[in-house]
Every structure is written in C-alpha cells, then in structure tokens.
Amino acid sequence: MLDLRLIREQPDFVKAEIAKLGEAAPIDEIVELDRRRREILTEVEQLRADRNEGSREIGRKPAGPEREAQISAMRELGDRIEALDAELKEVDDGLDERLMTVPNLPDPDVPVGAGEDENVVLGEFGERRTFDFAPRPHWELGEELGIIDFERGVKISGSRFYLLRGAGARLQRAMISWFLDVHTTEQGFSEVYPPALVRTEALVGTAQIPKFTDAQYKTTTGDHWLVPTAEVPVTNMYAGEILDEAALPIYHCAYSPCFRREQFSAGRDVRGIKRGHQFDKVELVKFVHPEQSNDELYKLLNQASLLLDRLEIPYRHLQMCTGDLSFVAAKKIDIEVWAPGCDEWLEVSSCSNFRDFQARRAGIRFRPEAGGANQFVHTLNGSALALPRMMIAVIENYQNEDGSITIPDVLRPYMGSVERIEPA
RNA sequence: GGAGAGGUGGCCGAGUGGUUUAAGGCGGCUGUCUUGAAAACAGUUGGGCGUUCAUCGCGUCCCGGGGGUUCGAAUCCCUCCCUCUCCGCCA
C-alpha cells in the first residue's frame with residue numbers, strides 16, 4: 001500500500017510512476033475520496049465533541065423537563081452523526097478498496113521498459129560446462145534413474161504433480177538442509193518453521209490478496225489459505241508490532257512447501273518439474289531500517305548466490321525493468337541458473353525490496369531511537385533457493401554420459417557420502 | 001468436538017450505564033538530592049486519524065475484532081477470534 005499522503009500531495013508523480021509499470025490505478029478517484037473523507041471527518045468529529053459534552057451535562061442534571069429537553073436534543077444530534085457515519089464508512093470502504101489495487105512504485109534506478117524483453121542482465125557467474133556428449137533434460141534422466149515418478153504423481157494428484165523417490169527425494173532434502181545450515185551458521189539468519197495455512201489477513205499483509213486471490217488455494221472449512229510462499233507467514237510474524245530500532249535488521253530463513261493455483265498455459269513448461277502446483281522452497285526474509293533497504297537487497301542477492309557458487313552451477317542476475325516488476329516490489333533482481341538439458345535459464349530466486357509497501361499493509365513499524373514518530377520498516381525477501389529448479393540444475397549440470405549424476409561436493413555430507421546417483 | 005472460565009495501557013490489576021476525561025502498583029523516562037550510584041521524593045508515560053507549513057495545542061477514535069441498544073457503553077445485547085481448565089478424539 002502506498003502512503004495516502006504521497007498520493008494526496010503528488011498525484012501526478014504517482015500516476016507517472018505507475019505508467020512506467022504499464023499499469024493504471026484510480027488515482028483521481030482516490031484523491032477525491034480522500035478529500036471527501038476528511039471533509040466528513042471534520043464535520044462528524046465536531047458533532048461528536050458536541051454530543052460528548054452534552055451527554056456529560058445530562059449526567060449531572062437532576063431529572064426534570066430541562067433534562068428531558070437536553071436528551072432529545074442529543075438524540076437529534078445522534079441521528080445526524082449516524083447519517084454522516086454511514087456516509088463516511090462508504091467513502092472509507094471505497095478508498096481502501098482502491099488503495100489496495102495500487103501497485104508499488106519503482107525505485108528511481110530501475111530501468112524503464114515495457115516487458116521481460118527489456119530486463120537487464122547484471123552479470124553472469126560461473127563457467128558453463130562443456131559436454132562431450134549431448135546433455136539430456138532432467139525428465140529423461142530422472143525417470144531413468146527412478147528418482148522422479150511422473151506417472152504416479154499424476155495418478156494421485158493430477159497433472160503437474162510428481163513424486164521424488166529414493167536418492168531424488170534425499171537430494172532435495174539434502175539441499176534444503178544445506179541451504180538452511182549456510183544461512184543460519186554463516187549469514188546470521190534465524191530459522192523459522194512457519195504454518196503452511198494462514199488467515200486472509202496474512203495474505204492481505206503481504207499483498208497476495210486482493211490482487212492475486214485467484215492464485216491461492218483456500219480451504220473449505222474455515223478462514224485458511226495454503227501459503228504460496230513462506231514469505232507470507234514469516235513477514236506477518238511482526239504484523240501489528242512496533243519493534244525497537246535496535247532490533248533491526250531482522251533476518252529470518254524458512255523452509256516451507258508452497259502451493260499455487262495459477263492457471264498454467266497449456267503446452268508451456270509441461271515437461272519435467274519446472275512448474276507445478278506444489279513446490280518446496282527455502283526463503284530469506286529481512287526487516288530493515290528504511291535507509292538500509294537498498295544495500296540489503298544486494299546483500300540478499302549475494303547471500304542467495306553464494307549457494308550457487310559453492311554448488312558450482314552457472315547463474316546470472318537479471319534485473320527486472322519497470323514493465324516486469326511485480327505488484328509489490330520497488331526493485332527486483334532474479335537469479336537464474338543454467339540448465340543445459342532444457343537448454344534454458346531457470347529462475348530459482350527473486351530478490352525483492354518492497355520498501356514500506358508490505359509493512360504499511362501489515363502494520364510493521366519501529367520506534368526510532370532518536371525519538372519522533374514511529375516509522376514503517378522496509379521488508380525484503382528472496383528465495384535461497386527454490387527446490388524443483390535446483391533439482392533440475394543439479395541433475396542436468398552434473399549428469400554423466402552413462403545417465404548417472406555426480407553429487408556436488410558440498411552436498412555429499414548430507415547424502416550419506418554418496419558420490420553418484422546411478423540407475424538402480 | 002462437548003462443558004465451563006476468561007481477554008482492560010510495556011507488565012500486573014481495579015472498574016456491571018454518567019466528574020473513569022481508565023483507580024492503584026510495577027517498569028520506563030525526566031528532574032531534585034548525591035563525587036557517582038542506590039534509596040527517597042516530584043513529574044511524566046501508548047496507538048491511529050483529523051486540523052496545522054511544522055512544533056505546540058485542540059478534536060476524535062481505540063478496554064480482543066466487528067456490529068447493535070442508549071442522550072451517554074470498558075460496563076448491556078449479538079457475532080467472530082483468541083487464551084485457560086476439564087472431558088472426548090488424535091499424528
């Protein structure tokens with residue numbers, strides 16, 4: 001959510017920034033509703049002050065005609081307040097509804113562009129392996145090795161579901177453990193195991209609702225939604241709280257399954273485990289002082305990337321242009337790994353600075369040590385990393401000509417010292 | 001799932017319709033005293049919104065959330081959420 005004061009004072013600036021995103025937002029309506037809201041508020045609060053005073057007098061008066069007259073005068077006042085309140089509620093609801101649909105504004109240094117073609121590669125890291133045979137896609141290798149079972153996944157749960165089996169299941173688990181261990185022991189992240197079911201309120205806080213309600217799974221038994229990412233429960237840990245400035249920055253990492261109802265375009269990304277309704281992810285979430293958020297974004301990017309350095313998997317950093325920014329991000333940089341079998345770059349992380357956009361919705365503030373008004377924190381998050389695509393990257397980059405897969409050195413301690421996955 | 005008891009400021013806790021504009025205590029902050037500290041004493045104490053260039057000030061709202069009754073609600077009513085106790089069920 002944007003600061004209403006910013007929209008009120010600089011509507012033209014806000015409109016121009018949103019135009020860069022290729023989006024539209026009802027800024028004029030918001031300005032008018034805000035004006036009307038304050039107008040009503042001034043009037044109704046004055047009436048309320050009058051009634052408070054009048055009612056106090058009644059309490060002090062003895063029974064009698066004078067008291068009765070005062071009561072009926074106050075009753076009349078009350079009717080006017082009630083009418084104005086109703087109007088105020090309507091204006092308030094309309095204002096909230098519209099504010100919730102306004103996207104975050106891009107940082108000044110985000111390249112302006114119409115769409116994904118204008119994203120900017122910031123750097124490419126690691127050596128792409130040269131194969132002396134034709135590298136094969138993970139769906140072939142995984143099936144042959146018996147570590148990915150597509151058929152049975154579909155039988156149980158429908159299209160886009162699969163099972164990992166044996167060494168495949170263990171490889172994913174090894175990565176999850178190793179990722180978390182690096183974050184917690186070296187990078188200062190505090191591990192969290194969050195709920196996978198959350199209330200509507202939480203999804204509103206991180207801005208999946210109302211804009212992306214259709215992409216969420218809802219339970220039928222109560223106010224519970226399946227989390228699309230650990231970002232939701234972890235960011236909402238501090239919802240409605242006022243933190244001490246000294247507590248910042250707060251770093252959390254969390255492993256969780258993620259559930260997304262998105263409508264996949266038929267015929268696209270159908271093969272393999274690249275895109276599904278359920279996947280695992282280790283997520284990094286930061287709560288930082290506003291002045292630090294830009295630096296923290298690059299730090300976050302490096303904290304996620306160092307996993308790939310150590311896995312010796314080639315990757316690149318891709319900065320989103322304005323036209324490809326998400327609804328919530330002020331700045332977003334993706335990490336993509338090279339998958340030689342699929343012959344494409346795969347997004348394994350999106351590192352985003354949301355500035356105060358989520359904090360404002362969720363009500364996450366801090367008390368400045370120097371005094372003055374409480375401020376909203378800045379929130380950031382990024383995957384480190386998304387598991388299915390990391391499975392693809394390991395399988396395809398570490399494949400051997402005979403169809404076996406060498407286990408990367410850093411993962412071997414987590415694999416019971418197994419060095420290779422071979423056909424059973 | 002059944003029965004019962006509760007939810008008041010950073011914390012404890014009083015308050016069942018009108019000087020409670022939330023008593024009192026603890027903690028925090030500021031001051032006096034002190035070389036310094038402790039103790040004592042005095043003062044102070046949260047959040048949102050509006051008004052204001054801004055501070056101050058003023059107003060309004062907030063006693064778990066939402067709604068209602070009333071001239072007036074922490075207090076009465078409805079509803080939802082949460083906590084605790086006992087029973088039942090259960091990885």
Side-chain angles (χ1 to χ4, degrees), chain A residues 1-10 30-100 193-205 209 218-225 233 236-248 257 356-377:
Chain A
M1 192 159 56
L2 293 185
D3 185 355
L4 185 53
R5 255 165 295 195
L6 177 69
I7 298 177
R8 181 190 301 159
E9 285 160 18
Q10 303 182 55
I30 289 171
V31 169
E32 172 54 23
L33 284 167
D34 171 55
R35 190 198 59 76
R36 180 70 187 131
R37 174 176 172 273
R38 285 179 293 143
E39 190 175 71
I40 298 171
L41 216 47
T42 306
E43 191 181 352
V44 78
E45 284 184 358
Q46 182 57 55
L47 293 179
R48 230 183 272 278
D50 294 346
R51 184 179 66 180
N52 285 346
E53 177 52 31
S55 292
R56 266 193 290 270
E57 281 172 18
I58 292 171
R60 292 190 288 261
K61 275 184 182 159
E66 206 181 311
R67 190 172 190 270
E68 289 309 312
Q70 177 86 337
I71 286 176
S72 75
M74 287 305 108
R75 185 176 295 140
E76 201 174 301
L77 237 186
D79 290 343
R80 286 171 61 199
I81 290 171
E82 196 175 344
L84 280 172
D85 268 344
E87 198 180 341
L88 182 63
K89 187 175 185 329
E90 203 171 305
V91 170
D92 259 340
D93 290 349
L95 190 57
D96 280 348
E97 195 182 305
R98 285 168 181 78
L99 267 177
M100 290 301 237
Y193 172 76
L197 293 175
V198 296
R199 291 178 166 167
T200 304
E201 202 179 49
L203 283 157
V204 171
I209 288 180
K218 175 92 172 71
T219 63
T220 58
T221 48
D223 183 26
H224 281 143
W225 303 76
N236 279 285
M237 282 171 67
Y238 303 105
E241 296 190 20
I242 301 172
L243 306 166
D244 288 330
E245 182 174 358
L248 302 178
D356 64 2
F357 195 80
Q358 291 182 325
R360 202 174 279 283
R361 288 182 167 236
I364 309 170
R365 291 171 291 169
F366 71 95
R367 208 183 309 280
E369 268 165 10
N374 296 329
Q375 295 180 45
F376 290 104
V377 302

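Convention: sequence-line order gives letters A, B, ...; per-chain numbering from 1. Worth saying up front: this structure is predicted, and the values here are computed from it rather than measured.
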Q. When every nucleotide of nucleotides 53-62 of chain B is labelled 5' to 3' by its protein contacts under 4.0 Å (heavy atoms), B for base, S for sugar-phosphate only, - for none, what sequence of letters results?
A. ------BSS-
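- Atom name P, nucleotides B/U70 and B/C77: the rounded distance is 16 Å, in whole Å.
- Rounded to the nearest Å, the gap between the C1' atom of B/A23 and that of B/C78 is 31 Å.
- Counting all heavy atoms, side chain and backbone alike, A/Glu241 lies closest to A/Met237 at OE2-O, 3.3 Å.
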Exercise answer: donor-acceptor pairs, residues 88-97 of chain A side-chain atoms, under 3.5 Å, sequence neighbours excluded:
unit_1  : atom_1 : unit_2  : atom_2 : d
A/Lys89 : NZ     : A/Asp93 : OD2    : 3.0
A/Asp92 : OD1    : A/Arg37 : NE     : 3.0

Sub-3.5 Å pairs of nitrogen or oxygen atoms, protein against nucleotides 79-84 of chain B:
unit_1 : atom_1 : unit_2   : atom_2 : d
B/C81  : O3'    : A/Arg199 : NH2    : 2.7
B/C81  : O2'    : A/Arg199 : NH2    : 3.0
B/C82  : OP1    : A/Arg199 : NH2    : 3.4

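- Between A/Asp96 atom CG and B/C49 atom C1' the separation is 13 Å, expressed in whole Å.
- Remark: the separation of the C1' atoms in B/A74 and B/G9 is 13 Å, to the nearest Å.
- One interatomic measurement links the two molecules: CZ of A/Arg360 to C1' of B/C49, which rounds to 14 Å at whole-angstrom precision.
- When rounded to the nearest whole Å, the span between CG of A/Asp244 and P of B/G10 equals 13 Å.
- For A/Asp3 (side chain) and A/Arg5 (main-chain N/O), a donor-acceptor pair under 3.5 Å exists by modelled atom type.
- Using a distance-only test at 3.5 Å, with no hydrogens or angles considered, a donor-acceptor pair links the side chain of A/Glu245 to the main chain of A/Glu369.
- Under the 3.5 Å distance criterion, the side-chain polar atoms of A/Ser55 are left unmatched by any main-chain donor or acceptor of A/Asn52.
- By the side-chain hydrogen bond (donor to acceptor under 3.5 Å, both in side chains) test, A/Arg98 is found to be paired with A/Glu29, residues two or more places apart in sequence or in another chain being considered.
- A/Tyr238 approaches A/Ile364 most closely through the heavy-atom pair O-CG1, 3.5 Å.
- Neither OP1 nor OP2 of B/U52 sits under 4.0 Å from any side-chain N or O of A/Arg38.
- Taking only distance into account, the side chain of A/Arg67 meets the base of B/G18 through a donor-acceptor pair shorter than 3.5 Å.
- If you take atom P in B/U75 and the same atom in B/C61, they sit 14 Å apart, rounded to whole Å.
- Checking side-chain atoms of A/Asn374 against main-chain N and O of A/Arg365 turns up no donor-acceptor pair under 3.5 Å.
- Look at the P atom in both B/A73 and B/G18: the space between them is 11 Å, to the nearest Å.
- Residues A/Leu4 and A/Ile30 meet the side-chain proximity criterion, which asks for heavy atoms closer than 4.5 Å.
- Rounded to a whole angstrom, the distance from the C1' atom of B/C90 to that of B/G15 is 43 Å.
- Distance CZ (A/Arg367) to P (B/G47): 6 Å, rounded to an integer number of Å.
- Atom CD1 in A/Ile71 sits about 9 Å away from atom C1' in B/G72, given to the nearest Å.
- Note on A/Asn374: only backbone sugar-phosphate atoms sit closer than 4.0 angstrom, heavy atoms only; bases stay farther off.
- Rounding to whole angstrom units, CZ of residue A/Arg8 and P of B/U51 are separated by 6 Å.
- Here the P atom of nucleotide B/G72 and the CZ atom of A/Arg75 are 9 Å apart, to the nearest Å.
- The residue A/Leu41 sits close only to the backbone: its heavy atoms come under 4.0 Å of sugar-phosphate atoms, none of a base.
- Atom name P, nucleotides B/C63 and B/G68: the rounded distance is 15 Å, in whole Å.
- The distance between atom CG of A/Asp93 and atom P of B/G66, rounded to the nearest whole Å, is 13 Å.
- Side-chain N or O atoms of A/Arg51 include none that pairs as donor or acceptor with a backbone N or O of A/Met74 at under 3.5 Å.
- A/Ala373 and A/Pro368 get closest at one heavy-atom pair: O-CG, 3.2 Å.
- A residue-by-residue look at A/Glu76 and A/Arg365 shows that A/Arg365 has its nearest nucleotide of RNA chain B further toward the 5' end.
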Q) Pairing of RNA chain B as dot-bracket, 5' to 3': ( ) intra-strand, [ ] crossing, | other strand, . unpaired, with Watson-Crick or G-U pairs under 3.5 Å? A) ((((((((.[[[..)..(.....]]]((((((.......))))))((((((.....)))))).[[[[[..)....]]]]])))))))....
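- Along RNA chain B, the nucleotide nearest to A/Arg5 and the one nearest to A/Gly78 differ in position, and the one closer to the 5' end is contacted by A/Arg5.
- Counting all heavy atoms, side chain and backbone alike, A/Ala202 lies closest to A/Asn236 at O-ND2, 2.8 Å.
- Taking the P atom of each, B/U16 and B/U69 are spaced 24 Å apart, rounded to whole Å.
- Judged as a salt bridge (charged side-chain N to carboxylate O under 4.0 Å, His left out), the pairs with a partner in residues 71-85 of chain A (not counting sequence neighbours) are, in order, A/Arg48-A/Asp85.
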